[in-house]
Amino acid sequence: MRTFSVTAKNTQKSRIVCRGEVLSKALPAALRTYRQAFLFSDDLVWGLYGARAMRALGSVPVHTMSAGEAHKTPETLLSLLAAMAQAGLHRGDCLVCLGGGVVGDVGGLAAALYMRGIDCIQVPTTLLAQVDSSVGGKTAVDLCGVKNLVGAFHQPRWVFADPAFFRTLPAREVRCGLGEIVKHGALSADIFDALEQNRDRLFDRSFLASLVPANIAFKAEVVRKDAEETGLRKCLNLGHTTAHAFELLDGALSHGEYVLIGTWFEAEIAKARGGDADYLARLQSLVLTALGGIPALPPAEEAARIACLDKKNVSRSDIVLTIPWAKGEYRLLTLDAAEYGRELARIGRLLC
Ligand SMILES: NC(=O)c1ccc[n+]([C@@H]2O[C@H](COP(=O)([O-])OP(=O)(O)OC[C@H]3O[C@@H](n4cnc5c(N)ncnc54)[C@H](O)[C@@H]3O)[C@@H](O)[C@H]2O)c1
Ligand SMILES: [Zn+2]
């Protein structure tokens with residue numbers, strides 16, 4: 001068992017526990033301190049783990065949403081809030097989110113809003129949710145086609161990460177989580193070494209489970225230093241500016257696969273600006289192993305145009321990128337939008 005805590009400025013303390021038997025032991029024990037709990041999940045996860053959860057927790061009210069990003073909406077949020085109200089949930093009660101990042105983001109936001117904030121426990125069931133979304137207190141729903149447009153910072157009281165959930169995880173979701181782990185590897189020398197030394201085991205679930213504590217520790221430390229993303233936390237955006245552009249344009253792959261593609265492109269941008277060429281080539285080779293090759297992509301110039309429309313990336317007409325630079329080092333790079341377009345086009349041609 002490994003335990004971490006995140007105590008960030010202006011936020012409540014969050015404890016993160018990596019261990020087995022979460023549904024039967026850790027979760028019931030944590031809930032004993034509450035008058036009432038309320039469980040939130042998606043229909044797919046609930047089909048797999050609902051019976052086990054009910055056996056351990058007894059008669060707890062439950063609300064489920066339809067699985068998938070398409071349902072990460074204000075309507076889903078409102079229907080959860082209404083179910084919580086009907087169950088008579090009070091301040092001092094606790095919302096448990098059992099599922100991937102979508103359930104965690106919607107449930108976390110409901111916990112932030114309900115009676116101006118109640119406690120929340122995250123039980124992340126995907127690799128991505130364990131190494132990334134359940135840690136750090138960012139919650140949100142999508143609105144008007146914009147991802148995470150409406151949200152809040154609300155640290156969960158507990159996060160329980162159990163590797164047993166990976167047994168039922170589809171291969172596509174494993175690769176998706178691997179994308180965020182490789183991103184952490186581009187920021188942390190220790191995670192990079194672990195990945196490089198085990199590149200023949202990148203899809204082995206027990207190897208990935210062994211990496212979860214180091215990934216949580218890494219993200220928890222970044223969040224502890226900068227919970228509200230005023231500085232350091234921006235490093236977690238590595239690979240994501242280019243990833244989001246291709247994701248919005250194309251959408252055929254998973255988010256984690258676009259993060260891998262974005263990391264490959266941004267490593268190439270770093271090479272042209274004096275980053276450590278040997279390390280960046282090793283990072284790109286690791287990315288290719290994780291991706292199984294670069295898939296067919298839409299025109300890179302078009303992706304650059306999309307990136308320039310995303311207000312999060314742009315200050316005036318410039319694009320701000322977090323790029324890998326050397327082992328364990330990143331740089332913030334500001335590029336004129338036209339130059340970013342030319343760079344993506346140049347790199348796109350390398351792949352033809
Ligand atoms: N809050 C943050 O800091 C943060 C960070 C990164 C990503 N996110 C968000 O996380 C979301 C993506 O999360 P995700 O990749 O976990 O997606 P997800 O929650 O949609 O889960 C992916 C699929 O796997 C299924 N699933 C979940 N656990 C399973 C299991 N153990 N066995 C079998 N199937 C299972 C789900 O039902 C779903 O169909 C996005 O909305 C993204 O914006 C948030
Ligand atoms: Zn991501």
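One-based numbering, in listed order, for ligands and for the atoms of each.
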**Item:** From CA spacing to verdict: salt bridge (charged side-chain N to carboxylate O under 4.0 Å, His left out), K147, D142
**Value:** CA-CA 4 Å; K147 255 180 85 90; D142 306 337; 5.3 Å; no
Presence of salt bridge, [Y] and [X], under 4.0 angstrom:
| X | Y | value |
| --- | --- | --- |
| D162 | R19 | no |
| R346 | E343 | yes |
| E173 | R205 | no |
| D276 | K327 | no |

**Prompt:** For atom 10 (O) of ligand 1, which of G108, G104, G101 has the closest heavy atom?
**Reply:** G101
**Complete:** Of R172, E173, K147, the one whose closest heavy atom lies nearest atom 43 (O) of ligand 1 is K147
Quick one: does [X] get an N or O within less than 3.5 Å of an N or O on ligand 1?
| X | answer |
| --- | --- |
| T126 | yes |
| V102 | yes |
| E180 | no |
| D42 | yes |
| D105 | yes |
| F165 | yes |
| L44 | no |

**Request:** Among all protein heavy atoms, pick out the one at the shortest distance from atom 41 (O) of ligand 1; state its residue, atom name and that distance to 0.1 Å.
**Result:** E69 OE1, 2.4 Å
**Prompt:** In terms of residue, atom name and distance, what is the protein heavy atom nearest to atom 35 (C) of ligand 1?
**Reply:** L169 CD1, 3.9 Å
**Message:** Are V212 and P163 packed together at the side-chain level, in the sense that at least one heavy-atom pair is separated by less than 4.5 angstrom?
**Reply:** no
**Prompt:** Side chains of F40 and V103: does their closest heavy-atom pair fall under 4.5 Å?
**Reply:** yes
**Request:** To 10°, measure the OE2(E180)-the Zn ion (ligand 2)-NE2(H255) angle for me.
**Result:** 90°
